[in-house]
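Reckoned from all heavy atoms, side chains included, excluding hydrogens, waters and symmetry mates. This one's a predicted model, so the numbers in the text were calculated from it and none came from an experiment. Counting starts at 1 for both ligands and their atoms, following the listed order.
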Amino acid sequence: EPAGDWWRSAVVYQVYPRSFSDMNGDGVGDLAGVIDKLGYLELLGVDAIWLSPIMRSPMADHGYDVSDPRDVDPLFGDLAVFDRLVREAHDRDIRVTMDLVPNHTSDQHEWFRQALAAAPGSAERARYIFRDGRGDDGSLPPNNWTSVFGGPAWRRVVEADGTPGQWYLHLFAAAQPDLNWDNPEVLDDLRTTMRFWLDRGVDGFRIDVSHGMSKPAGLPDMEHPSEILKHTDDDPRFNRDGVHAIHREIRAVMDEYPGTFNVGEVWVTSNEAFAKYVRPDELHLGFNFALATVDFDADRIRDAIVSSLAATDLVGATPTWTLSNHDVPREVTRYAPDGDLVIGTRRARAMALVELALPGTVFVYNGAELGLPDADLPDEALVDPVWEASGHTDRGRDGCRVPLPWEGPRPPFGFSRNPDTWLPIPADWAPLTVEAQLEDIFSTLSLYRQAVDLRYNRSEFSGDTVEWYGAPAGCIAFRRPGGLICALNASDVAVPLPPGQVLLVSTPLEGGLLPADAAAWLV
Ligand code: TEU
């Protein structure tokens, strides 16, 4: 790809910094740990990394509650370490992108402190979404919206004179007050933040909740009061023009720095809705969660791919693919029938070949290349503050965020010199360490390395379209214009392969047949 468009076919590796590698021995990953593992990332062959939030934060939502967007949180290091990371990553031809969290701030952000101390109607309050409550005494929330993390999406404040006061909007935790994107000050501050990091050599941003920054005019009650952002596709009251205007402003800053890109987290319920938010002249890319949420079922996988490609084709955008991230169960666990992680791993390996065979940009969540499952953590180990506080009954997001196992026979497996890691690493992960897999040509790590290398170096991966083959029940097969064929067997019996030379398989063939829960690349 020309330098300016490198991101259209890139493999981007999501680093969840607190779980990647700990160099200062506090049991939490840090930027020095990322630097220490750049050789590993080079060996994996990824084009870029996406750093989940590293900005100053009280960590109410593990960094997605930013108190100072123009500094590194001491938990991860400082700006000098960050600059060294960018320099050393670039030396290895690895680009560095990072999370931007513009929809809200931390409640510890200076702006919000000023807003709490200021009077209703003040300029300080106008940076956020403060409203008077409903009911005679204002004791009811301004509308029926609920937070993604449960409970009302509004928190009432106490005014300076001690009386119950206005309410402020928080689509996520109360510690994450939503910014008022109708206020030009908010956009100006984001421009300053973007240029601050781009001037330090950052190659792009992942924009958190990028479709949520403009709220429905008048903040009306909604039919879907919870997760309102996921239901924007069919509600004309969502101010999509407002979101496009913000995306265009973001793009204008990016265009001052050639070769950079942004990817918007547009988590909506349909690809049709997705297409309403992603424009290639605004967001370079939009996160597509279709493969991160679909069951291991051939027809559903094919439908997910077809509808995702149709959505991006509709707006002329580059498709993106991911099997997991820091918010959803890992694919090994998600695909495991009745908790059978052996089958779950086979299926995750197969789906890795499917996503890496598709046209567009692929995002790999750290640990997917090791075939990590979700860790089944004891209740006392759970530390996702907003998830726990919101009374979710499921086990939350900690299971997919456990620190990576690097080497050695027992926890902390080289992640840290401190055995007391922020989340415990399961002792039975010894076979999953990088050290255990690196020299094993049949390991998941070796499968990812081979797949990324082939995808990067073989001309058969060229072309932006997908042509579907007829396939046995429970299977799919598609071809890229360059000649690559990908066959997936999601049935429970071995099946014949399409004609062609076998380039790579996720599980060894059985008598020339593609086994159940496996995928193959052919040319
Ligand atoms: O998530 C946005 C988002 O879509 C959430 O509603 C997601 O569905 C939720 O976390 C349930 O898994 C982004 C970040 O990825 C997430 O980690 C943050 O908690 C959230 O924004 C608030 O910043």
Side-chain angles (χ1 to χ4, degrees), residues 12 14-19 50-67 69 73 97-109 112 145-151 153 169-179 181 190 205-213 215 224-233 238 243 263-270 273-274 277-278 286-290 292-293 320 322-331 333-334 363 365-366 374 382-401:
V12 182
Q14 179 189 357
V15 172
Y16 194 67
R18 65 186 306 128
S19 298
W50 150 32
L51 294 170
S52 277
I54 57 164
M55 300 161 176
R56 271 192 189 270
S57 164
M59 300 297 165
D61 187 13
H62 291 332
Y64 283 98
D65 51 313
V66 176
S67 55
D73 193 275
T97 66
M98 63 192 291
D99 240 303
L100 211 51
V101 189
N103 178 70
H104 46 268
T105 69
S106 161
D107 61 355
Q108 303 306 309
H109 189 292
F112 193 69
W145 299 1
T146 58
S147 155
V148 169
F149 298 129
L169 177 67
H170 60 87
L171 291 181
F172 295 92
Q176 296 168 292
D178 279 59
L179 284 165
W181 273 93
L190 179 65
F205 299 107
R206 177 264 190 185
I207 304 165
D208 192 57
V209 198
S210 72
H211 64 304
M213 288 178 271
K215 309 324 192 237
H224 296 288
S226 66
E227 295 264 13
I228 64 162
L229 296 179
K230 286 199 168 136
H231 298 279
T232 69
D233 32 340
F238 268 86
V243 174
V263 53
E265 186 207 22
V266 180
W267 201 327
V268 289
T269 51
S270 71
F274 175 86
Y277 284 100
V278 179
F287 257 123
N288 165 30
F289 293 99
T293 51
T320 69
T322 190
L323 297 177
S324 51
N325 68 14
H326 61 291
D327 286 331
V328 297
R330 286 185 177 275
E331 54 270 34
T333 297
R334 204 169 64 237
F363 291 83
Y365 177 49
N366 63 191
D374 271 14
L382 297 178
V383 289
D384 187 352
V386 289
W387 201 271
E388 300 319 310
S390 57
H392 276 86
T393 52
D394 63 45
R395 297 308 309 278
R397 305 179 292 183
D398 291 318
C400 70
R401 298 175 173 182

Heavy atom of the protein closest to [atom] (residue, atom name, distance):
atom	value
atom 18 (C) of ligand 1	D61 OD2, 3.3 Å
atom 15 (O) of ligand 1	D327 OD2, 2.5 Å
atom 9 (C) of ligand 1	V148 CG1, 4.0 Å
atom 23 (O) of ligand 1	D208 OD2, 2.8 Å
atom 8 (O) of ligand 1	K230 NZ, 3.0 Å
atom 3 (C) of ligand 1	E265 OE2, 3.6 Å

* To do: Please work out which of the three classes, parallel, tilted or perpendicular, describes the rings of H326 and Y16, given edges at 30° and 60°.
  =>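 Ring orientation, 0 to 90° scale: parallel.
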
* Asked: Does H170 have its ring centroid less than 6.0 Å away from the ring centroid of F112?
  ->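 So the answer is no for these two rings.
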
* Are F287 and F363 near enough that their ring centres are under 6.0 Å apart? ->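 Under 6.0 Å, so yes.
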
Of the backbone atoms (N, CA, C, O) and the side-chain heavy atoms from C-beta on, which set of [X] has a member under 4.0 Å from an atom of ligand 1: side chain, backbone, both, or neither?
X	result
V209	side chain
H62	neither
H170	neither

* To do: Compute the shortest N/O to N/O distance between W267 and ligand 1 and return yes if it is under 3.5 Å, no if not.
  =>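 No: no nitrogen or oxygen of W267 is under 3.5 Å from one in ligand 1.
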
